[in-house]
Engineer: 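Quick one: structure below, then a few questions.
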Amino acid sequence: MGNRAGGRRTGPKCIAIVGPYASGKTTLFEALLARTGAITKQQPVSSGNTVSDHSAEAKAHAMSVEAVFATTEFMGESITFVDCPGSVEFAFEAEPVLAACDLAVVVAEPDEKKIPALQLIMRKLDDLGVPRILFLNKVDKAAAGVRDTLKLLQPVSRTPLLLRQIPFRKDGVLVGSIDLALERAYIYREYAESEIAEIPGDEKARELEARFAMLETLADHDDQLMEQLLEEIEPPKDAVFDDLAADLRDGSITPVLIGAAEKGNGALRLLKAIRHDAPDVEATRKRLGIADGSGATVQVMKTIHTPHGGKLSVSRILSGSVPDGTELWLNTTDTAKVSGIYRMLGKEQSKVASASSGE
């Protein structure tokens, strides 16, 4: 029972953060880096001091104008986040970036005007076959309920948008979220870890209804779960988590998490979902048609021309390992020698001796 996903993938992961212009991608990127300790404090985008907006152009526009890469660690595992600009001009450089990522976090907000842009992003991910999680941002400012917002957004997604959390409000004010898989309430604290709480009695009916809707969607791919629901048997939690991971990885659902990135709310639950559910480089290799055991294979995601350091190719190691000084084939006749390998955190670089599969 409950082993469709085959456990957690522990290798280095690469996660794209995408979404329409001004939906809060850079803010979420900053919140994730602060939550994992890569930076000491989350900076607002308006400050011009975020990890993403380090170029003069980004500062002038107060928005991301290029893909920015940052490698961090969460619970002992390496995750590289890529903050992808939301503007249309980015589309042409998106493909090699997104193709090499294991998962995309699509940042959306309850705004009808952004739906066409959101649809373009979802189509691009469909074309490339990249699994995704939808992060519904700015829930603290939303007038509409989360479920109404999902009805509005569902037409942009080929797969069911599966709500994993619902907002937890007190006297009409958002105070936290309720996790439908764990059946726990989390009280938000600004820029800090949420506090776990019991689900209050008056919220219980709403939680059960939303949880049942989640389980019904999961039961579409799990006959045993379907039987349990029909017989009103409570399914084991580990089986529910297994279904969530399996369905995300094979692209049959788009899980939806909620939060308010500006205050860091929802960042930790998102990190935990990525750690537990996201595929790793093995699935990405398969998607790109690279056979196992094909030696060192590198996908160049973006080339940056730096003022002092020459040409820097931000690359994902899809298989094998690449020590500094390695010669790589560019095509059937030309080679290039690796001279210097760096881990990126925005504009900061730290030298490493070699890079291995997934990094």
Engineer: Show your reasoning for whether salt bridge (charged side-chain N to carboxylate O under 4.0 Å, His left out) applies to D126 and R132.
Structural biologist: CA-CA 10 Å; D126 284 339; R132 79 249 15 193; 2.8 Å; yes
Engineer: Could you go through the side chain to side chain contact (heavy atoms under 4.5 Å, CB included) check for V256 and V146 one step at a time?
Structural biologist: CA-CA 10 Å; V256 179; V146 163; 5.7 Å; no
Engineer: What closest approach, in Å, do V300 and P96 show between heavy atoms, and which atom pair accounts for it?
Structural biologist: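 Scanning both residues, the minimum pair turns out to be O-CB, 3.8 Å.
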Engineer: What are the two closest heavy atoms between P44 and T50, and how far apart are they?
Structural biologist: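 Closest approach of P44 to T50, heavy atoms only: O-CG2, 3.7 Å.
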Engineer: Can you list the steps and then say if F212 with L229 is a side chain to side chain contact (heavy atoms under 4.5 Å, CB included)?
Structural biologist: CA-CA 8 Å; F212 188 74; L229 292 183; 4.0 Å; yes
Engineer: Given side chains that start at C-beta, do those of F69 and C14 come closer than 4.5 Å, heavy atoms only?
Structural biologist: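 The answer is no, as the side chains (C-beta and beyond) never meet within the 4.5 Å cut-off.
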Engineer: Working to the nearest 0.5 angstrom, can you tell me the gap between E112 CD and T149 OG1?
Structural biologist: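 Answer for the CD-OG1 pair, E112 versus T149, is 10.0 Å.
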Engineer: Donor-acceptor pair, distance only, cut-off 3.5 Å: does the side chain of Q154 make one with the backbone of K151?
Structural biologist: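 Absent.
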Engineer: For residues D277 and K272, determine if any side-chain heavy atom of one lies less than 4.5 Å from a side-chain heavy atom of the other.
Structural biologist: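 They are not in contact (no side-chain heavy atoms under 4.5 Å apart), so the answer is no.
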Engineer: Using every non-hydrogen atom in the two residues, find where A34 and K41 come nearest and quote the distance to one decimal.
Structural biologist: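 Heavy atoms only, the tightest pair is CB-C, 4.3 Å.
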Engineer: Does E109 reach the main-chain N or O of N137 with its side chain, forming a donor-acceptor pair under 3.5 Å?
Structural biologist: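 The answer is no, because no donor-acceptor pair under 3.5 Å joins these two groups.
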Engineer: Exactly one of I258, I178, L136, V175 should register a side-chain contact (heavy atoms from CB on, under 4.5 Å) with P167. Which one does?
Structural biologist: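 Exactly one pass, corresponding to I258.
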Engineer: Atom CG in L218, atom CG in D247: separation rounded to 0.5 Å?
Structural biologist: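 One finds 5.5 Å between CG of L218 and CG of D247.
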Engineer: Backbone N or O of I196 within a donor-acceptor pair of the R184 side chain at under 3.5 Å?
Structural biologist: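 It does not hold such a pair.
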Engineer: I'd like to check the side-chain hydrogen bond (donor to acceptor under 3.5 Å, both in side chains) partners of S315; sequence neighbours left out, ordered by chain and number.
Structural biologist: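 Testing S315 for side-chain hydrogen bond (donor to acceptor under 3.5 Å, both in side chains), a comparison that skips the adjacent residues, returns none.
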Engineer: Between the side chains of R285 and E282, is the shortest nitrogen-to-carboxylate-oxygen separation below 4.0 Å, so that they form an ion pair?
Structural biologist: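 Looking at E282 and R285, the cut-off is not met.
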Engineer: Determine whether E207 and R211 satisfy the following criterion, side chain to side chain contact (heavy atoms under 4.5 Å, CB included), listing intermediate values before the conclusion.
Structural biologist: CA-CA 6 Å; E207 182 268 330; R211 178 178 163 83; 3.6 Å; yes
Engineer: Does L162 form a side chain to side chain contact (heavy atoms under 4.5 Å, CB included) with L244? I'd like the steps, not just the answer.
Structural biologist: CA-CA 9 Å; L162 180 90; L244 284 164; 3.4 Å; yes
Engineer: Can you confirm whether I17 sits close enough to L32 that some side-chain heavy atom of one is under 4.5 Å from a side-chain heavy atom of the other?
Structural biologist: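 They are in contact (side-chain heavy atoms under 4.5 Å apart), so the answer is yes.
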Engineer: Let me check something: any side-chain donor-acceptor pairs from residues 260-268 under 3.5 Å, sequence neighbours excluded? List them with distances.
Structural biologist:
unit_1, atom_1, unit_2, atom_2, d
E262, OE1, K141, NZ, 2.9
K263, NZ, D140, OD2, 3.0
N265, ND2, R189, O, 3.3

Engineer: Could K124 and E95 be called an ion pair, given the rule that one side-chain N must be under 4.0 Å from one carboxylate O?
Structural biologist: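 Result for this pair is yes, salt bridge flagged.
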Engineer: Please collect all ring-ring contact (aromatic ring centres under 6.0 Å, His included) contacts where either partner lies in residues 183-207, sequence neighbours excluded, each pair once.
Structural biologist: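 As it turns out, there is no ring-ring contact (aromatic ring centres under 6.0 Å, His included) pair with a partner in residues 183-207 once direct neighbours are skipped.
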Engineer: At what distance, to the nearest 0.5 angstrom, does CG of L153 lie from NZ of K114?
Structural biologist: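 Answer rounded to 0.5 Å: 12.0 Å.
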Engineer: For D324, is there an ion pair with K351 - N to carboxylate O distance below 4.0 angstrom?
Structural biologist: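 A salt bridge is present here (some side-chain N lies under 4.0 Å from a carboxylate O).
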Engineer: Can you get from M344 to I341 by hopping between Ile, Leu, Val, Met, Phe, Trp and Tyr side chains that sit under 4.5 Å apart?
Structural biologist: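 Different hydrophobic clusters.
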Engineer: Below 4.5 Å, heavy atoms only, C-beta onward: do Q349 and L312 meet side chain to side chain?
Structural biologist: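 Yes - at least one pair of side-chain heavy atoms lies under 4.5 Å apart.
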Engineer: Shared ILVMFWY cluster between V18 and L161, side chains joined below 4.5 angstrom?
Structural biologist: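 Linked within one cluster.
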Engineer: So which atom in P323 and which in S354 form the shortest heavy-atom distance, rounded to 0.1 Å?
Structural biologist: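 Taking P323 first and S354 second, the nearest heavy atoms are CA-CB, 3.4 Å.
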Engineer: Does atom CD of E198 have more than 12 heavy-atom neighbours from other groups under 6.0 Å away?
Structural biologist: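 For E198, atom CD is not crowded (no more than 12 foreign heavy atoms under 6.0 Å).
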Engineer: Answer whether the closest heavy-atom distance between the side chains of V51 and F81 falls below 4.5 Å.
Structural biologist: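 V51 vs F81: side chains apart.
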Engineer: Just verifying a value: how many Å separate L318 CG and E359 CD, rounded to the nearest 0.5 Å?
Structural biologist: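 Going from the CG atom of L318 to the CD atom of E359 covers 12.5 Å.
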Engineer: Not counting sequence neighbours, which residues clear side-chain hydrogen bond (donor to acceptor under 3.5 Å, both in side chains) with D334? List them please.
Structural biologist: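 So D334 forms a side-chain hydrogen bond (donor to acceptor under 3.5 Å, both in side chains) with N331.
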Engineer: Is there a donor in the side chain of T335 and an acceptor in the side chain of E327, or the other way round, less than 3.5 Å apart?
Structural biologist: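 E327 and T335 do have a side-chain donor-acceptor pair below 3.5 Å.
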Engineer: Taking the side chain as C-beta and beyond, is there a heavy-atom pair between M301 and C101 under 4.5 Å?
Structural biologist: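 They are in side-chain contact.
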Engineer: Out of curiosity, D220 CG to S252 OG, how far, rounded to the nearest 0.5 Å?
Structural biologist: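 Taking CG in D220 and OG in S252, the distance rounds to 9.0 Å.
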Engineer: Please assess E183 against K204 for the test salt bridge (charged side-chain N to carboxylate O under 4.0 Å, His left out), listing each intermediate value before the final yes or no.
Structural biologist: CA-CA 10 Å; E183 296 203 272; K204 196 67 193 159; 3.7 Å; yes
Engineer: Determine the minimum heavy-atom distance between E73 and S78, stating which atoms define it.
Structural biologist: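 Residues E73 and S78, closest heavy atoms: CG-CA, 4.4 Å.
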Engineer: Are I317 and Y342 connected, step by step, through hydrophobic side chains (Ile, Leu, Val, Met, Phe, Trp, Tyr) whose heavy atoms are closer than 4.5 Å?
Structural biologist: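 No, separate clusters.
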Engineer: If the test is side chain to side chain donor-acceptor pair (under 3.5 Å), which one of D243, D222, D242 qualifies with R4?
Structural biologist: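 It is D243, the one option of D243, D222, D242 that forms the side chain to side chain donor-acceptor pair (under 3.5 Å) with R4.
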Engineer: Salt-bridged, E77 to R9, with N to O below 4.0 Å?
Structural biologist: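 No, this pair does not count.
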Engineer: Please identify each residue that fulfils side-chain hydrogen bond (donor to acceptor under 3.5 Å, both in side chains) with T217, with sequence neighbours left out.
Structural biologist: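 Per chain and number, T217 pairs via side-chain hydrogen bond (donor to acceptor under 3.5 Å, both in side chains) with no residue.
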Engineer: For atom CZ of R169, is the number of surrounding heavy atoms from other residues, nucleotides or ligands below 6.0 Å larger than 12?
Structural biologist: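 Atom CZ in R169 is crowded, with more than 12 foreign heavy atoms closer than 6.0 Å.
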Engineer: Do L174 and L163 sit in the same hydrophobic cluster, where Ile, Leu, Val, Met, Phe, Trp and Tyr count as joined when their side-chain heavy atoms come under 4.5 Å apart?
Structural biologist: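 L174 and L163: one cluster.
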Engineer: Kindly say whether A108 contributes a backbone atom to a donor-acceptor pair with the side chain of S23 at under 3.5 angstrom?
Structural biologist: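 No, S23 side chain to A108 backbone: no donor-acceptor pair under 3.5 Å.
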Engineer: Is there a path of hydrophobic side-chain contacts, each under 4.5 Å between heavy atoms, that joins L103 and F74?
Structural biologist: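 Yes: a chain of side-chain contacts under 4.5 Å links L103 to F74.
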Engineer: Is there a side-chain contact between R287 and P279 (heavy atoms, below 4.5 Å)?
Structural biologist: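 No, their side chains stay 4.5 Å or more apart.
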Engineer: Compare all side-chain heavy atoms of R269 with those of R164 and state whether any distance is below 4.5 angstrom.
Structural biologist: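 SC-SC contact between R269 and R164 ruled out.
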Engineer: Restricting to non-hydrogen atoms, name the atom on R275 and the atom on M75 that form the minimum distance, rounded to 0.1 Å.
Structural biologist: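 R275 and M75 have their closest heavy atoms at NE-CB, 3.3 Å.
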Engineer: How many angstroms lie between CD1 in I15 and OG1 in T80, if you round to the nearest 0.5 Å?
Structural biologist: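 Nearest 0.5 Å value for the CD1-OG1 distance: 9.0 Å.
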Engineer: Restricting to side-chain hydrogen bond (donor to acceptor under 3.5 Å, both in side chains), what partner residues turn up for Q299, sequence neighbours left out?
Structural biologist: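 Result, side-chain hydrogen bond (donor to acceptor under 3.5 Å, both in side chains) vs Q299: none returned.
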Engineer: Is the shortest distance from a Lys or Arg side-chain nitrogen in E209 or R206 to a carboxylate oxygen in the other one below 4.0 Å?
Structural biologist: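 Salt bridge flag = no for R206 with E209.
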